[in-house]
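Just so it is clear: chains get the letters A, B, ... in the order the sequence lines come, proteins before strands, and each one is counted from 1.
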2 protein chains.
Amino acid sequence: MLEMAILGLLNEAPMHGYELRKRVLALLGGFRALSYGSLYPALKRMREQGWICAQDPVDTSRVLPADAPPLTGKRGKVVYALTAEGKERFQGLLTDGGPEAWEDERFGVRFAFFAQTDVDVRLRILEGRRRRVEERRDGLRASLSRTRERVDRYTLELQQHGLDSVDREVRWLSELIDSEKVDRVAVDGNENTL
Amino acid sequence: MLEMAILGLLNEAPMHGYELRKRVLALLGGFRALSYGSLYPALKRMREQGWICAQDPVDTSRVLPADAPPLTGKRGKVVYALTAEGKERFQGLLTDGGPEAWEDERFGVRFAFFAQTDVDVRLRILEGRRRRVEERRDGLRASLSRTRERVDRYTLELQQHGLDSVDREVRWLSELIDSEKVDRVAVDGNENTL
DNA sequence: TTCGTCATGTAATGGGTTACATGATTAC
DNA sequence: GTAATCATGTAACCCATTACATGACGAA
């Protein structure tokens with residue numbers, strides 16, 4: 001999750017860690033916090049993998065080697081940028097509409113980069129997501145009709161609110177899917193018009 | 001989170017691990033999965049702490065000591081029950097309306113046991129939760145009005161949907177708070193009627 | 001000059017998941 | 001008899017958080 005967010009943001013423009021953190025937070029709508037304790041180690045890992053490189057804060061024309069020492073003493077902004085491998089990796093993630101793409105943790109990030117994603121992949125992910133949320137809705141509905149009358153007000157209230165939330169999400173996804181389909185027909189004319 | 005859920009469910013009735021897992025899942029509306037890899041170690045920890053005890057599956061009149069061997073070979077259902085300390089611990093958690101009670105991870109569980117929670121504690125938690133969600137809403141609103149027009153359709157769509165969700169949650173909480181206040185006035189008459 | 005925020009990182013720790021290993025019971 | 005589901009656990013791992021340590025820069 002973090003990985004794709006970082007790759008995607010650095011794909012737009014190089015930037016330093018502190019700013020990256022703020023952008024990631026904004027990207028996901030400020031839902032979850034992102035601590036430096038997970039950001040910097042992630043950047044380090046990705047540098048070791050060769051996906052990103054770090055600009056030397058002293059001599060800005062130089063790139064820091066992946067195994068560079070932690071820069072004790074005088075430190076400055078370290079600007080990170082995607083390498084060719086990093087760009088490739090990001091493109092790969094963009095094309096991958098596999099099952100995990102529509103799970104809770106991933107979906108938000110995948111969606112955030114939909115503008116750079118292919119229509120068919122977008123549709124696969126949206127439909128997969130909808131199925132996922134519908135499953136949850138059906139489970140919740142079943143449990144609600146089973147337990148109603150037998151449980152206290154608060155349990156009922158919590159389950160009802162949960163059900164309303166997933167219902168809303170299903171409707172939202174359905175609208176997005178419909179509008180994607182309209183767009184797709186408008187673009188490639190005939191095939192898969194079902 | 002897990003700890004309170006387990007204590008609360010065992011407070012209703014003794015049960016074995018497998019059933020406990022299903023109940024925890026139902027309790028939180030099936031939102032998150034709960035694997036045995038986190039349930040059983042949690043039960044083990046709680047047994048060591050003295051909050052719960054495990055019934056010997058062979059001689060059901062006996063209680064397994066906390067440091068009992070893992071029962072290789074023939075295994076049967078292990079029924080867990082709260083000890084006196086466990087009941088005390090649960091009561092303590094019920095009374096604690098501290099700041100973490102209204103954070104995302106805890107709120108669901110706290111709410112699930114509201115029927116056993118004091119009105120004043122309920123109100124504290126609900127109001128804390130509302131403040132928390134309002135903060136998020138305001139951050140989201142600010143970010144939305146800042147970026148609108150400058151971002152793509154999908155980013156906008158995601159942020160708008162997020163905003164709608166938190167708006168709905170604030171309204172839900174407000175309704176609950178109002179109805180709690182009505183109840184409280186009905187019960188203790190005058191003080192804090194503001 | 002001191003406070004707030006910008007800025008970079010590490011170490012310890014925690015809490016969870018997946019994958020694995022094992023066996024009992026029930027329904028077909 | 002065999003498949004599904006009930007049932008109990010461990011071990012390896014992953015990813016994130018908290019707390020810590022350090023320092024630069026601009027504004028009051």
Side-chain angles (χ1 to χ4, degrees), chain A residues 1-6 14-25 28 31-49 52-58 60 64 66-80 99-100 103-106 108-109, chain B residues 1-6 14-25 28 31-49 52-58 60 64 66-80 99-100 103-106 108-109:
Chain A
M1 191 223 101
L2 229 192
E3 183 194 304
M4 185 172 186
I6 292 174
M15 81 196 78
H16 56 267
Y18 192 88
E19 197 186 343
L20 203 42
R21 175 171 171 268
K22 284 192 301 184
R23 295 289 309 272
V24 171
L25 255 32
L28 284 320
F31 276 106
R32 47 185 61 249
L34 171 61
S35 63
Y36 299 117
S38 62
L39 176 63
Y40 287 112
L43 288 170
K44 196 182 181 184
R45 274 197 306 276
M46 290 168 74
R47 223 170 40 152
E48 282 159 3
Q49 301 243 236
I52 63 176
C53 61
Q55 191 186 69
D56 188 322
V58 184
T60 51
L64 285 177
D67 56 357
L71 288 164
T72 39
K74 308 259 173 195
R75 278 182 299 189
K77 289 186 188 183
V78 178
V79 175
Y80 294 92
E100 349 108 73
E103 294 305 318
D104 292 330
E105 333 76 51
R106 302 260 175 196
V109 191
Chain B
M1 189 223 102
L2 229 191
E3 182 194 306
M4 186 173 185
I6 293 174
M15 83 196 77
H16 57 266
Y18 192 88
E19 197 186 343
L20 203 41
R21 176 171 171 265
K22 285 193 299 184
R23 295 287 311 269
V24 171
L25 255 32
L28 284 321
F31 276 107
R32 48 184 62 246
L34 171 61
S35 63
Y36 299 117
S38 62
L39 175 64
Y40 287 111
L43 288 170
K44 197 183 180 183
R45 274 197 306 275
M46 290 168 74
R47 223 170 40 151
E48 282 160 3
Q49 301 243 237
I52 62 176
C53 61
Q55 189 185 72
D56 188 320
V58 184
T60 51
L64 285 177
D67 56 356
L71 288 164
T72 40
K74 308 259 172 194
R75 278 182 299 189
K77 289 187 189 182
V78 177
V79 175
Y80 294 92
E100 350 108 72
E103 293 305 317
D104 291 331
E105 331 77 52
R106 302 260 175 196
V109 191

K.L.:
When the distance from CD of B:E19 to P of D:dA7 is rounded to whole Å, what number comes out?
P.N.:
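The answer, rounded to whole Å, is 7 Å.
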K.L.:
Grab the CD1-P distance between B:I52 and D:dT8 for me, whole Å please.
P.N.:
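Computing the B:I52:CD1 to D:dT8:P distance gives 12 Å.
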K.L.:
Of all the choices, D:dA7, D:dT17, C:dG9, which nucleotide is nearest to the side chain of A:Y80 once you look at every atom?
P.N.:
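The nucleotide sitting nearest to the side chain is C:dG9.
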K.L.:
Rounded to whole Å, how long is the line connecting atom CG of B:L39 with atom C1' of D:dC6?
P.N.:
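Checked: the CG to C1' distance equals 14 Å.
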K.L.:
Looking only at heavy atoms, which two atoms of A:Y80 and A:A54 are closest? And how far apart?
P.N.:
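It is CE2-CB, 3.7 Å.
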K.L.:
Please compare B:P41 and B:H16 by the position of their nearest nucleotide in DNA chain D and report the one closer to 5'.
P.N.:
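Closer to the 5' end of DNA chain D: B:H16.
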K.L.:
What heavy-atom pair brings B:Q55 and B:V78 nearest, and what distance separates the two atoms?
P.N.:
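The answer is O-CG1, 3.9 Å.
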K.L.:
For B:L2 and B:A42, which heavy atoms make the closest approach, and how far apart are they?
P.N.:
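Closest pair (atom of B:L2, atom of B:A42, distance): CD1-CB, 3.9 Å.
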K.L.:
Of the nucleotides D:dA7, D:dT17, C:dA7, which one has an atom closest to the side chain of A:A33?
P.N.:
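Nearest nucleotide to the side chain: D:dT17.
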K.L.:
Rounded to whole angstroms, how far apart are CZ on B:R47 and P on D:dG9?
P.N.:
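To the nearest whole Å, that distance equals 7 Å.
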K.L.:
Report the distance from atom CG of B:L34 to atom P of C:dT17, rounded to the nearest whole Å.
P.N.:
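Going from CG in B:L34 over to P in C:dT17 covers 6 Å.
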K.L.:
What is the nucleic acid contact for A:G17, judged by heavy atoms within less than 4.0 Å: base, sugar-phosphate only, or nothing?
P.N.:
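It contacts sugar-phosphate atoms only.
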K.L.:
Rounded off to whole Å, could you give me the CD-to-P distance for the B:E100 and D:dT17 pair?
P.N.:
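Atom-to-atom, B:E100 to D:dT17, this comes out as 17 Å.
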K.L.:
Using the side-chain heavy atoms of B:K44, tell me which of these nucleotides is nearest: C:dT10, D:dG9, D:dT10.
P.N.:
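Nearest to the side-chain atoms of B:K44, counting from C-beta on, is D:dT10.
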K.L.:
Here's a test for you: under side-chain contact (heavy atoms from CB on, under 4.5 Å), which of B:K22, B:R21, B:R23 qualifies with B:L25?
P.N.:
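The option that passes is B:R21.
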K.L.:
Between A:S38 and D:dA16, does any side-chain N or O lie under 4.0 Å from OP1 or OP2?
P.N.:
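For D:dA16, neither OP1 nor OP2 has a side-chain N or O of A:S38 closer than 4.0 Å.
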K.L.:
Which atoms form the tightest heavy-atom contact between A:L28 and A:V109, and what is the distance?
P.N.:
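So the two residues come closest at CD1-N, 4.0 Å.
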K.L.:
Between C:dG9, C:dT17, C:dT5, spot the one nearest the side chain of A:Y18, thanks.
P.N.:
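Within the option list, the nearest is C:dT5.
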K.L.:
What is the separation between atom CE on B:M1 and atom P on D:dT17, rounded to the nearest whole Å?
P.N.:
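So the two atoms are 17 Å apart, to the nearest Å.
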K.L.:
Tell me the interatomic distance from B:E105, atom CD, to C:dG15, atom P, rounded to whole angstroms.
P.N.:
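These atoms are roughly 11 Å apart.
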K.L.:
Counting only side-chain nitrogens and oxygens, does B:Y40 get under 4.0 Å of the OP1 or OP2 atom of D:dT8?
P.N.:
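Checking B:Y40 against D:dT8: at least one side-chain N or O falls below 4.0 Å of OP1 or OP2.
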K.L.:
Where the side chain of A:Y36 is defined as all heavy atoms beyond and including C-beta, which of D:dT17, C:dG16, C:dG9 is the nearest nucleotide?
P.N.:
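The nucleotide sitting nearest to the side chain is C:dG9.
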